[in-house]
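Accompanying notes for the structure given below.
Residue numbers count from 1 along this sequence.
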Amino acid sequence: MTSERVYLSTTIPYVNARAHLGHALELVQADVLARHHRQAGDQVRSQTGTDDNSLKNVLAADAEGIPVAALVDRNASAFAALAQPLSLSFDDFIRTGSDPRHRPGVERLWRACAASGDLYRKRYEGLYCVGCEQFYRPAELPEGLCPEHRTRPEPVAEENWFFRLSRYAGQLHDLISSGRLRIEPAARRNEVLGFIAGGLEDFSASRSTARARGWGIPVPGDPGQVIYVWWDALGNYITAPGYGTDAEDYGRWWTGADRRIHLVGKGVLRFHAVYWPAILLSAGEPLPTDILVHDYLTIGGSKISKSGAVAGSETADPVELVDAYGTDAVRWWLLREVPRVGDADFTAARLVARANEDLANGLGNLVSRVVTLVHRYRQGRIPRPDESPAAATTSGRQALAAACQRAPGRVAAALASFDFRVATAAVWDVVDEANRYAERTQPWLLARAEREGDPAAGQLLDESLALLSSACSELAVLLAPFLPSLAGRIRAALDDSAGQLPAADPVFPRLEAVVIGDAA
Ligand SMILES: [Zn+2]
């Protein structure tokens with residue numbers, strides 16, 4: 001396996017409200033991919049951040065009666081602070097409003113597109129959704145309402161800069177249909193191809209400074225206009241690795257990367273799979289190689305609102321959930337239960353049930369049992385049995401060895417197709433097989449036979465405990481990208497390098513459902 005250089009990004013949320021579980025889903029998915037690639041020996045640079053320059057931030061600050069910069073600072077810090085409770089390992093966090101790398105890069109990107117002749121001024125009238133920060137055609141508005149927000153877009157008329165998107169329809173179609181720009185899952189690729197086939201219209205790439213309330217990056221050479229927030233925000237994918245400010249970094253992590261992977265939610269697919277590649281084509285920069293699209297979460301049957309609140313008694317706050325149930329349980333629900341296609345409904349009861357069934361019962365009991373048996377029958381030392389063909393062989397040994405052997409390949413294949421449920425199922429195959437093996441070999445009966453003078457039983461016991469210990473160690477490796485904290489505890493539980501294993505201690509105690517109090 002040759003090592004690759006992998007660039008990996010999440011979208012950058014606008015920070016008009018607090019982070020909710022939907023943000024946590026994308027961050028955790030990206031984190032698993034980053035950890036997986038690092039584990040495989042790849043060079044990885046994963047980044048996330050916040051979109052500070054949205055008009056929505058201005059409106060949210062108005063509603064609270066505080067300066068925009070104060071609101072943005074507070075909420076952006078809260079997003080960055082998710083790293084600890086969610087065990088995120090991103091390498092870079094860019095804030096578009098204050099990061100010194102961002103504005104020079106966006107200005108350079110603008111000038112590059114202007115130099116290609118793709119920016120021109122035009123008077124425009126259209127229906128605008130502030131929630132989406134985009135114009136809609138009437139045909140795209142069922143019952144006249146924004147499909148994302150179910151609000152009525154307002155008519156807007158002004159003269160703006162336009163980007164010549166129409167010019168890139170053929171190239172985009174070829175890139176996407178050939179898979180050179182890969183979009184997963186396939187249904188999302190087909191959705192994009194359908195949108196392109198429907199005809200691409202040029203889109204407005206700036207707003208009047210007055211309507212943007214002076215918030216955002218001015219158009220180079222035209223201070224009466226600010227750069228459209230989506231243009232500005234998409235630019236973060238290259239400004240963070242140094243476009244316009246650090247040629248060496250940029251050459252290493254964007255132009256020189258083997259894979260440039262964007263994780264995005266289905267609601268912003270068009271921006272990432274059509275607008276963004278077209279901007280890069282215009283500017284003469286390399287495109288992303290992969291766009292991985294996730295669906296949405298509902299919480300207790302309700303859509304998460306724009307403010308991050310949900311109806312009913314469930315909380316959507318990932319930090320509150322981690323406080324109540326721990327990082328591993330929250331990550332595990334997001335990875336094990338959310339399907340690759342289709343929305344998933346979260347409840348705390350489901351999180352608790354899933355964690356108890358898998359982590360406390362299936363995996364936790366396995367590790368506790370192995371550690372206890374090694375202490376009871378082998379003074380806390382994992383046996384290193386004779387592996388010669390003539391040696392005794394326990395029944396089911398092949399099946400467990402085979403499960404351990406095939407799991408890494410199955411995990412890698414599932415993650416390559418952005419399927420976390422299949423990847424975690426491949427890990428669980430080892431847990432199930434190890435538990436079956438323990439039931440079949442019954443080491444406690446072998447120990448009794450050994451005590452009663454049967455030396456062959458002693459050999460079988462050695463083999464059984466050695467294989468179970470090595471399966472648990474393999475599980476620590478397999479789980480490390482998904483549940484780094486629990487994987488670390490399993491590794492520590494199976495470490496006899498100090499002469500014997502540490503005393504048995506549950507690696508994942510059972511959870512009880514708790515009432516999460518009102519944060520106020
Ligand atoms: Zn909208």
Side-chain angles (χ1 to χ4, degrees), residues 9-11 109-110 112-114 116-120 122 124-129 131-142 146-149 153 160-206 227-238 254 259-296 340-342 417-418:
S9 70
T10 71
T11 53
L109 188 61
W110 182 276
C113 293
S116 296
D118 287 332
L119 291 168
Y120 62 95
K122 184 174 97 168
Y124 188 80
E125 286 179 36
L127 293 167
Y128 194 73
C129 173
C132 297
E133 303 261 24
Q134 78 172 94
F135 285 102
Y136 279 102
R137 285 176 274 180
E140 296 175 307
L141 302 169
C146 166
E148 195 72 17
H149 295 92
N160 298 134
W161 288 92
F162 271 68
F163 177 78
R164 226 178 279 281
L165 181 65
S166 51
R167 185 176 167 184
Y168 294 99
Q171 274 183 81
L172 288 172
H173 174 273
D174 291 350
L175 285 161
I176 293 167
S177 59
S178 70
R180 270 177 291 158
L181 171 51
R182 174 173 166 258
I183 300 172
E184 290 280 352
R188 297 296 171 204
R189 179 185 65 226
N190 294 336
E191 183 184 324
V192 173
L193 288 171
F195 178 71
I196 295 171
L200 296 184
E201 290 178 17
D202 296 351
F203 70 90
S204 73
S206 71
I227 295 176
Y228 174 40
V229 64
W230 264 102
W231 177 291
D232 161 346
L234 289 165
N236 96 87
Y237 298 128
I238 57 174
W254 186 265
R259 306 271 302 278
R260 293 174 289 273
I261 305 170
H262 294 319
L263 258 76
V264 311
K266 65 179 175 182
V268 294
L269 178 58
R270 185 186 303 178
F271 292 100
H272 287 82
V274 179
Y275 290 18
W276 174 233
I279 292 169
L280 290 168
L281 285 170
S282 172
E285 299 299 326
L287 305 193
T289 58
D290 302 79
I291 297 176
L292 308 179
V293 189
H294 63 80
D295 285 2
Y296 285 165
R340 181 167 178 260
V341 177
S417 64
F418 198 49

Residues N160, Y228; criterion side-chain hydrogen bond (donor to acceptor under 3.5 Å, both in side chains); working and verdict: CA-CA 10 Å; N160 298 134; Y228 174 40; over 6 Å; no

Residues D174, R180; criterion side-chain contact (heavy atoms from CB on, under 4.5 Å); working and verdict: CA-CA 8 Å; D174 291 350; R180 270 177 291 158; 4.3 Å; yes

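Residues L234 and H272 have side chains in contact (heavy-atom distance under 4.5 Å, counting atoms from C-beta outward). Here the side chains of P147 and L141 are in contact, with some heavy-atom distance below 4.5 Å. A 4.5 Å side-chain heavy-atom check between S206 and W110 finds at least one atom pair inside the cut-off. Within the 4.5 Å cutoff, no side-chain heavy atoms of I291 are placed close to those of V192. Side-chain contact check for L281 versus L172: some heavy-atom pair is nearer than 4.5 Å. Using a 4.5 Å cut-off on side-chain heavy atoms (C-beta onward), V268 and E148 make no contact.
Using bins of under 30°, 30° to 60° and over 60° for the plane-to-plane angle, the ring pair H262/Y237 lands in the tilted bin. Between F203 and F163, the ring-plane angle classifies as tilted under the 30° and 60° cut-offs.
In terms of heavy atoms, A114 sits closest to L119 at N-CD1, 3.7 Å. Across P286 and W254, no two heavy atoms sit closer than the pair O-NE1, 2.9 Å. The shortest non-hydrogen separation linking R188 to L269 is O-CD2, 3.8 Å. Minimum heavy-atom separation, L165 to Y275: CD2-CE1, 3.8 Å. Pairing each heavy atom of A112 with each of A283, the nearest pair is CB-CB, 3.8 Å.
Rounding to the nearest 0.5 Å gives a distance of 7.5 Å between CG of L200 and OG of S166. To the nearest 0.5 angstrom, I176 atom CD1 is 10.5 Å from N190 atom CG. Within the model, atoms CG of N236 and OG of S9 stand 7.0 Å from one another, a figure rounded to the nearest 0.5 Å. Here the CZ-CD distance, from F418 to E184, works out to 9.5 Å after rounding to the nearest 0.5 Å. Rounding to the nearest 0.5 angstrom, the gap separating the CG atom in L280 from the CH2 atom in W276 is 4.0 Å. Interatomic distance, L287 CG to L175 CG, rounded to the nearest 0.5 Å: 5.5 Å.
Between the side chain of Y168 and the backbone N or O of P277 there is no donor-acceptor pair closer than 3.5 Å. Panel note: side chain W231, backbone S204; no donor-acceptor pair is recorded below 3.5 Å. Within the 3.5 Å criterion, the main-chain N or O of G342 finds a donor-acceptor partner in the side chain of D295.
With respect to E201 and R137, a salt bridge is recorded, a charged nitrogen being found less than 4.0 Å from a carboxylate O. A salt bridge is absent between E285 and R260; no separation between the charged side-chain nitrogens and carboxylate oxygens falls under 4.0 Å.
Taking R164 as the reference, nothing meets the salt bridge (Lys or Arg N to Asp or Glu O under 4.0 Å) condition, with sequence neighbours excluded.
Tested against I196, the residues E191, H173, Q171 include a single side-chain contact (heavy atoms from CB on, under 4.5 Å) partner, H173.
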